[in-house]
2 protein chains.
Amino acid sequence: MLNTATPITAPTLVRAMAANAAPVSTVDTTAHERASQHVADTLKLLSDQLALQRRVAHAGDVIYQAGERFSHLYILNAGFFKIVNLSPDGREQLVGLKFRGDWLGFDGIANGQYACDAVAMDTGEIWSVRYDALLAACAVRPQLLQVLHAAMSREIARDRDSLMSVCTLPADARVADFLRYWAESLAKRGLRADQITLRMTRAEIGNYLGMTLETVSRALSKLVREEVIVFLDKGRREVHIPDVGALSVFVQRCIAPAVTLQ
Amino acid sequence: MLNTATPITAPTLVRAMAANAAPVSTVDTTAHERASQHVADTLKLLSDQLALQRRVAHAGDVIYQAGERFSHLYILNAGFFKIVNLSPDGREQLVGLKFRGDWLGFDGIANGQYACDAVAMDTGEIWSVRYDALLAACAVRPQLLQVLHAAMSREIARDRDSLMSVCTLPADARVADFLRYWAESLAKRGLRADQITLRMTRAEIGNYLGMTLETVSRALSKLVREEVIVFLDKGRREVHIPDVGALSVFVQRCIAPAVTLQ
DNA sequence: CGCCACTTTGAATTAGCTCAAATTCCGTGG
DNA sequence: CCACGGAATTTGAGCTAATTCAAAGTGGCG
């Protein structure tokens, strides 16, 4: 624990955003198409009702920064982004990862200024909407308000799950659970969930999970050793997950009271 | 770390809710009255526009439970409540503490059912409002929507701060920061901030902060030894904080690179 | 080809955990 | 009023998971 050591601000590699946005083309298309459709519906609802501004972001681009005056909310149409919290004394903490369909900027509503940084981890497309314009549109289209609230609600629930993971799971399990959550997120968005491109360094993963980069590395090695994951590339950033269930099993084994074999 | 050991569900003592809701009567009344007024304004705005249901809750009372069908949001008028997250495998995690003016139930919006338990820690008063009625009222009174969004936004920002605290601070600093945050919360609500009644067991505090109850106890003892806090009662539940700034200094000293005295 | 950032792995250290025992507190009932 | 019992707390001692420090390996890019 104690993330103070390695800074996590360094940008990562630029990858084709197609990799993140490409829908799956496997047997079980219906489920994936449904999930993908949900995101598409939301995005359509927004663009029908509002003047959305669209822009492409590249790895390292800062969407908004802590302290900046709040005015817009952002919806991710493609790409992968991180949310970094900063403390007055200089600690930095990765508090969230965002995918297609996620909203950014809620933290700014309360105080009129954003409370953290939002940074692109690879190439992606961001739609931005003025908060006041959004509220006006919500008055006309109550369904829009539902979508907005659902997004905020999901964010709250997710943040709590993160806290629970950090507080109740040992390091190895936390890494496994992180991959499980990521795979699940991809599946929910209709993307292929058996393959994850870690667009973050070990230091960033460790910061997010409350452990050192060495511990992340050791945990990943252990997951490979136990054949729960497979690295597809020499760079060890392409994770293949043969069976997502195995990740859950691994987590359970970690928290199970040490088995007295015999 | 790893909270699995001691369960945190046991109810605590019933205390007069006046203790929590009583405004301060010291020199600096204006600031406190302003803070207190803000909460009062919000509550008035709500009751003017909506049919609020009010009820008194006692220590241990469950306001809502994970899995229960979502229908209402709750606003605390007095008292002190905890939010407990539950995992499918039985881990439980205290993910939030709520005071007067705070809202409960946002986690239920996204999935139509609450994602965690909300439990009273002492006697308090809760106002509940049907979510759909609230939305209808927001259409009439946009200011209400602002208040609602601000509450959700604050919750998101707070959850992130919690994660940062757990991930970046050593145990002693976490306990100090917890007290600092609590004192600050009281001050924001116009209550006296130099005195905190811990209506939680060491096990609950430890669960919330991601450490064992023994570590909490040792950290508190250290804070007493360093004269950052003083216990006012034999039960060691009434904490007096002579100077809130000293808590911040203590936190900084904990994370400062070990000073080579020489 | 060489540099630089990232990653892995090992070895030693330590913060925080587990286990254990003593103490205190508080409610209850005699 | 006091004795009793259970729950919570404190404190000590040893242990362990995860950290720190260190070194070697690897990959990508100019």
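Order of the sequence lines fixes the chain letters, A, B, ..., with proteins taken first and strands second; residue numbering starts at 1 for each chain.
Note: CZ (A:Arg237) to C1' (D:dT26) measures 13 Å, nearest angstrom. Summarising the geometry, the separation between CG on A:Leu169 and P on D:dA17 is reported as 15 Å, rounded to the nearest angstrom. Here D:dA8 presents its P atom at 15 Å from CG of B:Leu198, a figure rounded to the nearest Å. Atom pair A:Leu209:CG and D:dA17:P shows a separation of 19 Å (rounding to whole Å applied). Rounded to whole Å, the distance from CD1 on A:Ile255 to P on D:dA17 is 15 Å. For B:Arg199 and C:dC26, the CZ to P distance is 14 Å, given to the nearest whole Å. Here C:dC6 presents its P atom at 14 Å from CG of A:Asn207, a figure rounded to the nearest Å. Taking atom CZ of residue B:Phe231 and atom P of nucleotide C:dT24, one finds them 16 Å apart after rounding to whole Å.
No side-chain donor-acceptor contact under 3.5 Å links B:Gln93 and A:Thr168.
Contacts of A:Asp102 classified as side chain to side chain donor-acceptor pair (under 3.5 Å), with partners at least two apart in sequence or in another chain: A:Arg189. With sequence neighbours left out, the ring-ring contact (aromatic ring centres under 6.0 Å, His included) criterion links A:Tyr114 to A:Tyr64, A:Phe70. The side chain to side chain donor-acceptor pair (under 3.5 Å) search around B:Arg154 returns none, not counting sequence neighbours. Scanning for ring-ring contact (aromatic ring centres under 6.0 Å, His included) contacts around B:Trp182 gives B:Phe80, B:Phe99, B:Phe178, with sequence neighbours left out. Evaluation of the side chain to side chain donor-acceptor pair (under 3.5 Å) rule for B:Asp89 yields A:Gln252, B:Ser87, B:Arg91 as partners, not counting sequence neighbours.
Distances shown here put a side-chain N or O of A:Arg236 below 4.0 Å from the OP1 or OP2 atom of C:dT8. Here B:Arg202 does not reach the OP1 or OP2 of D:dA7: none of its side-chain N or O atoms lies under 4.0 Å away. At least one side-chain nitrogen or oxygen of A:Lys234 sits closer than 4.0 Å to the OP1 or OP2 atom of D:dG28.
Using a 4.0 Å cutoff on non-hydrogen atoms, the parts of residues 214-225 of chain A near DNA chain D are A:Glu214, A:Thr215, A:Arg218, ordered by number.
Between B:Lys98 and B:Glu155 a salt bridge is recorded (basic side-chain N to carboxylate O distance below 4.0 Å).
For A:Asp172 and B:Gly235, each mapped to the nucleotide of DNA chain D holding its nearest heavy atom, the one lying further toward the 5' end belongs to B:Gly235.
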